[in-house]
Undergrad: 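Pasting in a structure now, in structure tokens, and then I'll have a few things to ask.
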2 protein chains.
Amino acid sequence: MTKGNTLEGNISLAHGAGGVAMAELIDHVFVGAFKNPILDRRDDSAVLRVGGAQIAFTTDSFVIDPIFFPGGDIGRLAVCGTVNDLATSGAKPLFLSAAFVIEEGFAISELLRIVRSMSSTALEAGVTIVTGDTKVVPRGAADKVFITTTGIGEIRAGYVPSGANARPGDAVILSGTVADHGIAVMSRREGLMFESEIISDAVPLCGLVDTLLDECPGVKTLRDPTRGGLASTLNEIAAQSNVCIEIDESKVPVAPGTRAACEILGIDPLYVANEGKLVIIVSSDHEDCAIRALHSHPLGQGAVKIGSVQGSPSGRVNMTTPFGSRRILSMVYGEQMPRIC
Amino acid sequence: MTKGNTLEGNISLAHGAGGVAMAELIDHVFVGAFKNPILDRRDDSAVLRVGGAQIAFTTDSFVIDPIFFPGGDIGRLAVCGTVNDLATSGAKPLFLSAAFVIEEGFAISELLRIVRSMSSTALEAGVTIVTGDTKVVPRGAADKVFITTTGIGEIRAGYVPSGANARPGDAVILSGTVADHGIAVMSRREGLMFESEIISDAVPLCGLVDTLLDECPGVKTLRDPTRGGLASTLNEIAAQSNVCIEIDESKVPVAPGTRAACEILGIDPLYVANEGKLVIIVSSDHEDCAIRALHSHPLGQGAVKIGSVQGSPSGRVNMTTPFGSRRILSMVYGEQMPRIC
């Protein structure tokens, strides 16, 4: 599709899907207008110097529907999402702000349930919610509640992992099963019932990242594959680092229930959002150390090497299928699952 | 109205209006769940220590309708609102994040116009937009576009003005006319035409605050009277400082066009949102210095003393009317103008 198709006309759901259309919108509308070297880095957090401190700074709006789902709710997600973007920038998450846009008529009991969930998730993550805002819009001007969280973390001394650091020969590691969050939300939204309930993986990853970086400080890239799933995150890293990433599909863990649901829904689990997983890139000599560190933490028990970094073709992700054939794992263009986060 | 009426049942527009209902919601839902000493201060920004730096941190969602209005647009407002909350905390605004929730079908040309306006307002304020997020929701799940900006500023060495610092004998100063923003937006929304167009005062106040604090470092309280207007801001300060604030209505400047529009609309200008004005409280011996400093800056030409701080009754705002009678200037309970910011 040409640039003109994306940037003329109207916003479509594809522009929020974490794929090609969103990347084009960000490039041409936001990065174009706000142009500055910090924004241009395009990592999950901006890394800033304020006074004597080096801090990470990141924001996300959460518009998920339904707001309560197996394994979490919009409040838990709003804390995890921002905490995880700080953690994957190598920062210790410290403080969050929370801004609410609430539809007139929303039940205060549901708001309380969400706010309490945010409070307990913040405790779990070791962050403090220090400031906020509340706006109410007339019935029909928003759907229930949207939450924007913004986070501040303190960067570990001098250490900032980046999507631009992958080099040929590096190992690509995944911390556990993919697609659980997106499929849990989709199933609830569509009223699908499976034999065993599929539970979102929404969790603060700062403890897992701490363990990893303490044991294995040579980590080059850390990302949490949320919107657009593992496939989009790998494509982003391949583009940022100008490398080719090769993965082995049979190595990517998918829980049996989630895999069955993906088959029923006709959805590729590699494109489904996760909210509690890490993609890690390390040099090959740090591979064992990284996997050992991940396995030592409850959230990294399923960690496994799924592929490696090659020199070319630059910006591409290739995948070997379980049948032995190779195919390009492209970035998603449009939207297969709106309002998943 | 009793507490039960506000906290049971459903969210109403009053809960977002900057008045009593919103204060109760914040107290019982948010401050209750997130309880911590930083949030408890209830100033416009949280003041945090990160590494060696003392920073101010604040967030606001903007849901204004219409998104373009005389004197500005949602983008300009989103930058000014957050910059001003940092400035009134005595911080130099440095960095902003911007998170967009966009309705499917929104014109990309309008988004570009908003983003460019944010960019030029950020330049005007001397801040950099360093990170962001974009979510798209299906048609009907949001109204056009909502923007949440979050800001980081660096606190001037050791100096934090607060709503809790007002003491009997202090002077209350206002930097210029009130009600222009809210009335500009209302007029556009209602399709009202007046002889001369009423223009929003949306402007970054950091330059005016810099001038004031450079010339007159003894400032105790700085606030920008946005949602709920001057009346609500004065009530908040009276409550935070446990003092009584006495103002003289005839001293409060209102532009003739704005006053005429308020009369036609049946709205009290003291309750209408401003986006480019300051309320300043200083000890009486700093009064002349503060007014001189304000007058030396283009945005403070209309600065005037409007009243003084008394000891009791604590938490109250009294007003002498132009007819010489005195009345209580209470906090607004409900919503006279939804979606004004």
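Note on naming: letters A, B, ... go to the chains in the order of the sequence lines (proteins, then strands), and numbering restarts at 1 for each one.
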Undergrad: Looking only at non-hydrogen atoms, find the nearest pair between A:Gly51 and B:Glu154 and report the distance.
TA: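 Heavy-atom minimum between the residues: CA-OE2, 3.3 Å.
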Undergrad: Let me know if A:Ser12 has heavy atoms under 4.5 Å from chain B in its side chain, its backbone, both or neither.
TA: backbone
Undergrad: Side chain, backbone, both or neither: which part of A:Ala107 has a heavy atom under 4.5 Å from chain B?
TA: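 Both parts, backbone and side chain.
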Undergrad: Closest approach of A:Thr150 and B:Ser97, non-hydrogen atoms and distance?
TA: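 Heavy atoms only, the tightest pair is CG2-OG, 3.6 Å.
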Undergrad: Which atoms of A:Leu96 come close to chain B, meaning under 4.5 Å heavy atom to heavy atom: side chain ones, backbone ones, both, or neither?
TA: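 Contact with chain B: backbone only.
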Undergrad: So which heavy atom on B:Gly52 is nearest to which on A:Ala53, and how close?
TA: N-CB, 4.1 Å
Undergrad: Non-hydrogen atoms of chain B under 4.5 Å away: do they reach the side chain of A:Arg227, the backbone, both or neither?
TA: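 Side chain only.
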Undergrad: Is the ring pair A:Phe57/B:Phe57 parallel, tilted or perpendicular, if the boundaries are 30 and 60 degrees?
TA: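 Perpendicular, since the angle between the ring planes exceeds 60°.
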Undergrad: Between A:Asn36 and chain B, which part of the residue has a heavy atom less than 4.5 Å away: side chain, backbone, both or neither?
TA: side chain
Undergrad: In terms of heavy-atom contacts, does CZ of A:Arg189 have more than 12 from other residues, nucleotides or ligands at under 6.0 Å?
TA: yes
Undergrad: Could you go through the side-chain contact (heavy atoms from CB on, under 4.5 Å) check for B:Thr148 and A:Thr59 one step at a time?
TA: CA-CA 9 Å; B:Thr148 302; A:Thr59 193; 5.7 Å; no
Undergrad: Examine whether an atom of A:Arg49 lies under 4.5 Å from a heavy atom of chain B, and if so say whether it belongs to the side chain, the backbone or both; otherwise answer neither.
TA: backbone
Undergrad: I'd like to know if the side chain of A:Lys135 and the backbone of B:Val63 have a donor-acceptor N/O pair within less than 3.5 Å.
TA: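 No, the answer is negative, given that no donor and acceptor are paired below the 3.5 Å cut-off.
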Undergrad: Does any backbone or side-chain atom of A:Phe146 lie under 4.5 Å from a heavy atom of chain B? Answer side chain, backbone, both or neither.
TA: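 The side chain, not the backbone.
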Undergrad: Do you know which of A:Ile108, A:Ile102, A:Thr134 makes side-chain contact (heavy atoms from CB on, under 4.5 Å) with B:His15?
TA: A:Ile108
Undergrad: Looking at B:Ala33, B:Ala142, B:Ala141, which one has more heavy-atom pairs under 4.5 Å with chain A than the rest?
TA: B:Ala141
Undergrad: Between B:Val50 and A:Val50, is any pair of side-chain heavy atoms under 4.5 Å apart?
TA: no
Undergrad: I'd like to know which of B:Ile11, B:Leu39, B:Val31, B:Leu123 tops the heavy-atom pair count under 4.5 Å against chain A.
TA: B:Ile11
Undergrad: Using a cut-off of under 4.5 Å for heavy-atom pairs, which of B:Leu48, B:Ile38, B:Ile55 has the most such pairs with chain A?
TA: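 Of the options given, most contacts go to B:Leu48.
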Undergrad: Side chain, backbone, both or neither: which part of B:Glu103 has an atom under 4.5 Å from a heavy atom of chain A?
TA: backbone
Undergrad: Rounded to the nearest 0.5 Å, what's the gap from CG on B:Asn10 to CG on A:Leu111? Could you check?
TA: 11.0 Å
Undergrad: For residues A:Val136 and B:Gly16, report the shortest heavy-atom separation together with the two atoms involved.
TA: CG2-N, 3.5 Å
Undergrad: Which atom pair, heavy atoms only, marks the closest approach of A:Phe34 to B:Val115?
TA: CE2-O, 3.4 Å
Undergrad: Between chain A and each of B:Gly32, B:Gly132, B:Gly140, B:Gly18, count heavy-atom pairs under 4.5 Å; write down the option with the most.
TA: B:Gly132
Undergrad: Among B:Val47, B:Val101, B:Ile129, who wins on heavy-atom pairs under 4.5 Å with chain A?
TA: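 Highest number of pairs under 4.5 Å: B:Ile129.
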Undergrad: So what's closer than 4.5 Å to chain A heavy atoms on B:Leu94: side chain, backbone, both or neither?
TA: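 Contact with chain A involves the side chain of B:Leu94 alone.
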Undergrad: Which heavy atom of B:Thr131 sits nearest a heavy atom of A:Ala46, and at what distance?
TA: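 Nearest heavy atoms, B:Thr131 then A:Ala46: CB-CB, 4.0 Å.
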Undergrad: Are A:Val137 and B:Asp143 close enough that some pair of their side-chain heavy atoms sits under 4.5 Å apart?
TA: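 In short, these two side chains do not touch, never coming nearer than 4.5 Å.
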Undergrad: Can you tell me how far CG of B:Asp44 sits from CG of A:Asp133, rounded to the nearest 0.5 angstrom?
TA: 10.5 Å
Undergrad: More than 12 foreign heavy atoms under 6.0 Å from CZ of A:Arg113: is that the case here?
TA: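 Counting neighbours around CZ of A:Arg113, 12 or fewer heavy atoms of other residues, nucleotides or ligands fall under 6.0 Å, so no.
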